[in-house]
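To find a chain, count down the sequence lines: A is the first, B the second, and so on, and within it residues start at 1. Here the structure is a predicted model, which is why all the values come from computation and not from measurement.
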There are 2 protein chains.
Amino acid sequence: MLKLDQTDKELLTLLQNDSKQTNKELSNKLNLSVTAVYERVKKLEKEGVVKRYVALLNRKQIEKNFMAHCHVRLTQHSKEFVVKFEREIIKLEEVLECYHVSGDYDYILKVLVKDMEAYRDFMVTKLTAIPNIGNTHSIFVIDEVKHTTSINI
Amino acid sequence: MLKLDQTDKELLTLLQNDSKQTNKELSNKLNLSVTAVYERVKKLEKEGVVKRYVALLNRKQIEKNFMAHCHVRLTQHSKEFVVKFEREIIKLEEVLECYHVSGDYDYILKVLVKDMEAYRDFMVTKLTAIPNIGNTHSIFVIDEVKHTTSINI
DNA sequence: TATTTAATAGAAAATAAAACTATAAATTAG
DNA sequence: CTAATTTATAGTTTTATTTTCTATTAAATA
């Protein structure tokens with residue numbers, strides 16, 4: 001695993017907030033040459049510390065303004081059934097995140113759709129169409145208070 | 001609100017998956033000229049459909065390999081107390097996401113830290129240091145099955 | 001002490017973004 | 001219905017950025 005020095009960490013913080021900055025801008029902020037920044041970025045990409053660069057969209061402007069957390073319990077927990085469930089859940093475009101978790105339920109899904117009607121549709125025709133689903137429990141998002149992809153290093 | 005045509009939607013999908021593609025690459029995939037792509041991207045940025053461009057990191061490589069969902073109930077729900085809680089929760093670097101939600105609890109926090117010890121520390125010295133917190137209930141992530149920032153348009 | 005390695009800087013070359021000009025199709029106004 | 005305007009596009013030129021190459025310095029190693 002790559003050892004990160006303070007400059008790497010600062011660089012990663014900058015890139016997490018705005019990946020469209022030029023190397024020149026970054027070099028000014030970090031007091032480095034353009035080449036030094038370039039080499040560091042390439043190294044961080046090559047080592048997999050930087051996974052990818054993406055555009056983040058405004059959910060409201062693309063008509064996806066309804067979010068829910070859906071807790072799911074399976075009926076069977078043998079490896080075969082778990083693998084099958086996970087393979088199916090990954091395919092569902094409405095599911096942005098899926099975690100295998102501790103506690104009362106087996107999985108938590110973060111689901112994003114247009115509205116409640118679309119959520120009902122998702123539950124009835126997509127989620128519960130997957131075999132092996134026992135119980136589900138939906139929690140609806142009233143307001144997004146904080147949402148960042150930037151990890152403090 | 002900007003009306004998106006099919007080309008805009010395809011462009012947004014491409015940018016959500018890889019924002020480092022050149023306009024030339026995008027123009028090939030969309031069967032457009034470089035200028036046409038350039039103009040569309042600028043329009044989408046200006047209208048706020050594209051919120052920002054960010055680098056996504058590999059959590060494991062930066063020693064943040066412990067995630068939990070923390071459900072929080074407040075003791076008081078008047079506007080004054082809610083605002084105060086939200087203002088404090090936003091400041092906490094370990095909290096990547098915070099949602100005001102329906103159901104038994106008032107908020108769900110997505111918390112990312114190094115390990116269980118760091119989580120305990122977060123709970124004891126940061127979260128419960130905020131006044132007005134009643135109950136909390138932590139759900140630990142055993143495995144991340146799916147995680148995308150890309151919204152299907 | 002000599003040699004290698006790692007990190008950096010500066011210059012040059014290659015590439016891409018941005019700005020500009022022009023054209024055609026669609027929309028609007030008279 | 002026709003002229004004017006707007007919108008979306010393409011091609012060209014200019015500007016800026018990325019990438020490569022060469023060189024230097026400091027630290028680590030033999």
With sequence neighbours left out, write down each residue that passes side chain to side chain donor-acceptor pair (under 3.5 Å) with B/Lys64, or none if nothing qualifies.
-> none
Using the six-membered ring wherever Trp is involved, compare the ring planes of B/Phe66 and B/Tyr119 and label them parallel, tilted or perpendicular (cut-offs 30° and 60°).
-> tilted
Enumerate the protein-to-nucleotides 19-23 of chain C contacts in which both atoms are nitrogen or oxygen and the separation is below 3.5 Å.
residue: C/dA19; atom: OP2; partner: B/Tyr38; partner atom: OH; Å: 3.4

Distance in angstrom units between A/Asn23 CG and D/dT18 P, rounded = 4 Å
Check whether any side-chain N or O of A/Lys42 sits under 4.0 Å from OP1 or OP2 of D/dT19, and answer yes or no.
-> yes
Just say parallel, tilted or perpendicular for the rings of A/His69 and B/His69, cut-offs at 30° and 60°.
-> tilted
B/Glu47 CD to D/dT7 P, in whole Å, measures 12 Å
Between C/dA17 (C1') and B/Leu26 (CG): distance, integer Å | 13 Å
Could you state the NZ-P distance from B/Lys43 to C/dA18, rounded to the nearest angstrom?
-> 17 Å
Tell me, yes or no, whether the heavy-atom count around B/Lys60 atom NZ, taken from other residues, nucleotides or ligands under 6.0 Å, exceeds 12.
-> no
Whole-Å distance between C/dG10 P and A/Lys24 NZ?
-> 12 Å
Can you tell which of C/dA17, D/dA8, C/dA7 lies closest to the side chain of B/Arg40?
-> D/dA8
Given A/Tyr107, which of A/His77, A/His100, A/His71 fulfils the ring pair (Phe, Tyr, Trp, His ring centres under 6.0 Å) condition?
-> A/His100
Could you tell me the separation between the CD atom of B/Gln21 and the C1' atom of C/dA17, rounded to a whole number of Å?
-> 16 Å
Quick one: B/Leu44 CG to D/dA8 P, roughly how many Å, whole number?
-> 11 Å
Report the distance from atom NZ of B/Lys20 to atom P of C/dA17, rounded to the nearest whole Å.
-> 11 Å
Linked, directly or transitively: B/Leu4 and B/Val50 (ILVMFWY side chains, under 4.5 Å) = yes
